[in-house]
Visitor: 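One structure coming up, written as C-alpha cells, with questions to follow.
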Amino acid sequence: MSIVVTGATGHLGRLIVSALLRRGVPAGEIVALARDTGRLADLAGRGIVVRQADYNDPESLRAAFAGADKLMFVSGSEVGQRALQHRNVIAAAREAGVGLVVYTSITRADTSSMILAREHLETERELAASGLPYVILRNSWYLENYTGQLPTYLEHGVAGAAGEGRVSAATRADYAEAAAAVLTGAGEPNRVYELGGEPFTLAELAAELSRQTGREIGYVDLPVEKYAEVLVGAGVPEPFAAVLADSDRGIAQGELHVQGDDLATLIGQRPTTLAEALRAAL
C-alpha cells in the first residue's frame with residue numbers, strides 16, 4: 001500500500017505523516033511530496049519516500065502519484081490560485097488510478113459565504129465529478145490561529161470582527177489525526193465530514209486568557225473593514241488581511257461553527273479544548 005501526502009513541508013502535512021507512522025503505517029509506504037524536497041530530508045532519513053511535486057506542474061503530479069493507493073490531498077495555500085492548482089491534482093490522481101482521495105476543505109463549504117470557501121467548494125465539486133472515491137474533511141479554524149497571537153493579545157488585548165459568533169476551532173494535530181484515521185480505514189468513502197472542536201466566541205477566548213494569566217484581557221469587536229485596516233497596520237498584506245477579516249465575518253454568521261462530533265468520532269477522543277491549547281502555549 002502507498003499513501004501519498006501532499007504539502008508535506010507544511011504544518012498539517014507533516015503532522016499527518018507523523019500520525020500515519022503512529023498508526024503503524026510503515027515508513028516505506030508513505031510518500032511525502034513537496035516543491036522543495038530538501039525540506040523533507042528529515043523524513044527521508046526516517047525511511048519515508050520523498051518526491052518532488054508542484055500543484056502548478058501537472059507532469060510532476062503525475063510522476064509523484066504513480067503507484068499511489070491513497071492520496072492525502074492537503075489544500076493549497078495560495079488563495080486565488082487554488083482552483084486551477086486543485087484541478088491539476090485531481091486530474092493527475094484520476095490518471096494514476098488512485099483508490100481514495102482525502103481532501104482538506106473548510107466548514108460548510110457548500111453553504112458558506114466566506115471568501116476562503118469558494119475554491120474549496122469548486123474543488124469538492126470537481127472531486128465528486130471525477131469518479132474517484134473520496135472523503136472530504138471540512139476542517140474548521142485552527143486553534144493555532146489564536147495561540148500564535150498570544151504576544152499580541154497579552155499586550156493589546158483581543159480584536160476581531162466575529163461579534164458573538166462561535167468558532168469550532170481545533171488543533172492541527174487533531175485534524176491530522178482525523179486524516180490519518182481516514183487514510184487507515186476509518187470513515188466511509190464518498191462522504192463529507194464536518195470537523196471542529198468545542199466552540200467558543202472571541203470574548204470567551206479573551207476571558208479564558210484572562211483567567212489563565214491573571215490579567216485583564218478584553219475583546220474589542222470591530223466592523224469588518226476596520227479590522228482589515230488594523231491587520232494591515234500590523235503588517236499583514238492587504239489581500240490576506242481582507243481574507244482574515246472576511247473570515248471573522250463568517251464566524252459572526254456561524255459559518256465556522258460545527259454541529260456534531262465527527263472529529264471526536266474519527267480520532268476516538270475529545271479534541272483539544274481552547275483552555276488546554278492556551279495552557280500549553282503560555
Side-chain angles (χ1 to χ4, degrees), residues 1-78 81-105 120 123-137 139 175-193 266:
M1 183 176 72
S2 174
I3 299 176
V4 174
V5 180
T6 72
T9 55
H11 295 298
L12 183 61
R14 278 185 170 273
L15 287 168
I16 291 171
V17 170
S18 296
L20 288 170
L21 291 171
R22 284 196 303 274
R23 286 177 174 268
V25 178
E29 295 182 5
I30 302 172
V31 180
L33 305 186
R35 283 181 289 190
D36 178 4
T37 56
R39 296 174 60 192
L40 298 178
D42 59 318
L43 297 185
R46 299 170 68 182
I48 292 165
V49 179
V50 170
R51 294 177 184 167
Q52 194 277 335
D54 187 326
Y55 287 174
N56 293 306
D57 182 355
E59 184 56 42
S60 74
L61 294 170
R62 285 191 286 271
F65 296 169
D69 296 298
K70 299 178 181 180
L71 172 63
M72 181 64 241
F73 178 10
V74 178
S75 58
S77 60
E78 298 175 76
Q81 305 298 316
R82 295 187 293 183
L84 175 59
Q85 292 173 341
H86 291 180
R87 281 198 296 273
N88 291 340
V89 172
I90 293 168
R94 187 170 56 243
E95 289 184 36
V98 173
L100 179 69
V101 178
V102 181
Y103 174 65
T104 58
S105 186
H120 284 299
T123 301
E124 287 188 12
R125 289 172 172 167
E126 188 91 13
L127 190 52
S130 71
L132 290 164
Y134 65 87
V135 173
I136 293 172
L137 303 178
N139 296 344
Y175 291 127
E177 198 63 44
V182 170
L183 289 165
T184 54
E188 303 172 15
N190 301 336
R191 178 171 168 181
V192 174
Y193 290 90
L266 287 176

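Hydrogens, waters and symmetry mates are skipped; everything else that's a heavy atom, side chains included, is used. Index from 1, following the sequence.
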Visitor: About how many Å separate NE2 of H11 and OG of S77, when rounded to the nearest 0.5 Å?
Guide: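 Spacing of OG (S77) from NE2 (H11) equals 11.0 Å.
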Visitor: Please check if atom CZ in R39 has more than 12 non-hydrogen atoms from other residues, nucleotides or ligands closer than 6.0 Å.
Guide: no
Visitor: Are any of the side-chain nitrogens in D42 or R14 under 4.0 Å away from the carboxylate oxygens of its partner?
Guide: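 Answer for the salt bridge query: yes.
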Visitor: Between the side chain of H86 and the main-chain N/O of S75, is any donor-acceptor distance below 3.5 Å?
Guide: no
Visitor: Sub-3.5 Å donor-acceptor pair from the side chain of S60 to the main-chain atoms of D54, do we have one?
Guide: yes
Visitor: Check this for me: R191, atom CZ, are more than 12 non-hydrogen atoms of other residues, nucleotides or ligands nearer than 6.0 Å?
Guide: yes
Visitor: Are any non-hydrogen side-chain atoms of V101 and I90 less than 4.5 angstrom apart?
Guide: no
Visitor: Report the C-alpha distance between N88 and L84 in whole Å, list the side-chain angles of each, state the deciding distance to 0.1 Å, and finish with yes or no for side-chain contact (heavy atoms from CB on, under 4.5 Å).
Guide: CA-CA 6 Å; N88 291 340; L84 175 59; 4.2 Å; yes
Visitor: Should R51 and T37 be marked as a side-chain contact (heavy atoms from CB on, under 4.5 Å) after you check the CA-CA gap, both sets of side-chain angles, and the distance that decides it?
Guide: CA-CA 7 Å; R51 294 177 184 167; T37 56; 5.9 Å; no
Visitor: Taking the side chain as everything from C-beta on, heavy atoms only, tell me whether R23 gets closer than 4.5 Å to L183.
Guide: no
Visitor: Hey, does L21 have a side-chain heavy atom less than 4.5 Å from the side chain of V25?
Guide: no
Visitor: Could you pull out the closest heavy-atom pair between A186 and L266, with the gap in Å?
Guide: CB-CD2, 4.3 Å
Visitor: Grab the two heavy atoms, one from N190 and one from L132, that are nearest each other, plus how far apart they are.
Guide: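 So the two residues come closest at OD1-O, 4.0 Å.
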Visitor: Could you tell me which non-hydrogen atom of L61 sits nearest to which non-hydrogen atom of A53, and how far apart they are?
Guide: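 Smallest interatomic distance, heavy atoms only, reads CD2-CB, 4.1 Å.
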Visitor: Hey, are the side chains of V102 and L71 touching, using non-hydrogen atoms and a 4.5 Å cut-off?
Guide: no
Visitor: Is it true that T104 and Y175 share a donor-acceptor pair across their side chains at a distance under 3.5 Å?
Guide: no
Visitor: Please determine whether the number of non-hydrogen atoms from other residues, nucleotides or ligands lying under 6.0 Å from atom CZ of R35 exceeds 12.
Guide: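 Incorrect, the count does not exceed 12.
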Visitor: Heavy-atom distance under 4.5 Å between the side chains of V5 and V31, does that happen here?
Guide: no
Visitor: Can you find a pair of side-chain heavy atoms, one from L100 and one from D69, that are under 4.5 Å apart?
Guide: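 A side-chain contact under 4.5 Å is absent here.
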Visitor: Would you say that Y55 contacts R87 through its side chain, given a criterion of any heavy-atom pair below 4.5 Å between the two side chains?
Guide: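 Of all side-chain heavy-atom pairs linking R87 with Y55, none is under 4.5 Å.
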Visitor: Given 3.5 Å as the limit, does a donor-acceptor pair link the side chain of T9 with the main chain of A34, or not?
Guide: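 Looks like no, no N/O pair under 3.5 Å.
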Visitor: Looking at OG1 of T184 and NZ of K70, how far apart are the two atoms once the value is rounded to the nearest 0.5 Å?
Guide: 7.0 Å
Visitor: How about L33 and V4: do any of their side-chain heavy atoms sit closer than 4.5 Å?
Guide: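 Contact flag for L33/V4 side chains = yes.
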Visitor: Quick one: pull up CD in Q85 and CG in D57 and give me the separation to the nearest 0.5 Å.
Guide: 11.5 Å
Visitor: Can you find a side-chain donor-acceptor pair between E124 and S105 that sits under 3.5 Å?
Guide: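 Their side chains do contain a donor-acceptor pair, which is all the 3.5 Å distance test asks for.
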Visitor: Please work out which of the three classes, parallel, tilted or perpendicular, describes the rings of Y103 and H120, given edges at 30° and 60°.
Guide: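 Aromatic pair H120/Y103 classed tilted.
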Visitor: Restricting to non-hydrogen atoms, name the atom on L40 and the atom on A32 that form the minimum distance, rounded to 0.1 Å.
Guide: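 The answer is CD1-O, 3.7 Å.
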Visitor: Given the rule in the side-chain contact (heavy atoms from CB on, under 4.5 Å) test, do N56 and E78 qualify, once you have shown the distances and angles that lead to the verdict?
Guide: CA-CA 11 Å; N56 293 306; E78 298 175 76; 4.2 Å; yes
Visitor: So how far is it from S18 OG to E177 CD, rounded to the nearest 0.5 Å?
Guide: 10.0 Å
Visitor: Kindly indicate, with the supporting measurements, whether the criterion side-chain contact (heavy atoms from CB on, under 4.5 Å) is fulfilled by I136 and Y193.
Guide: CA-CA 6 Å; I136 293 172; Y193 290 90; over 6 Å; no
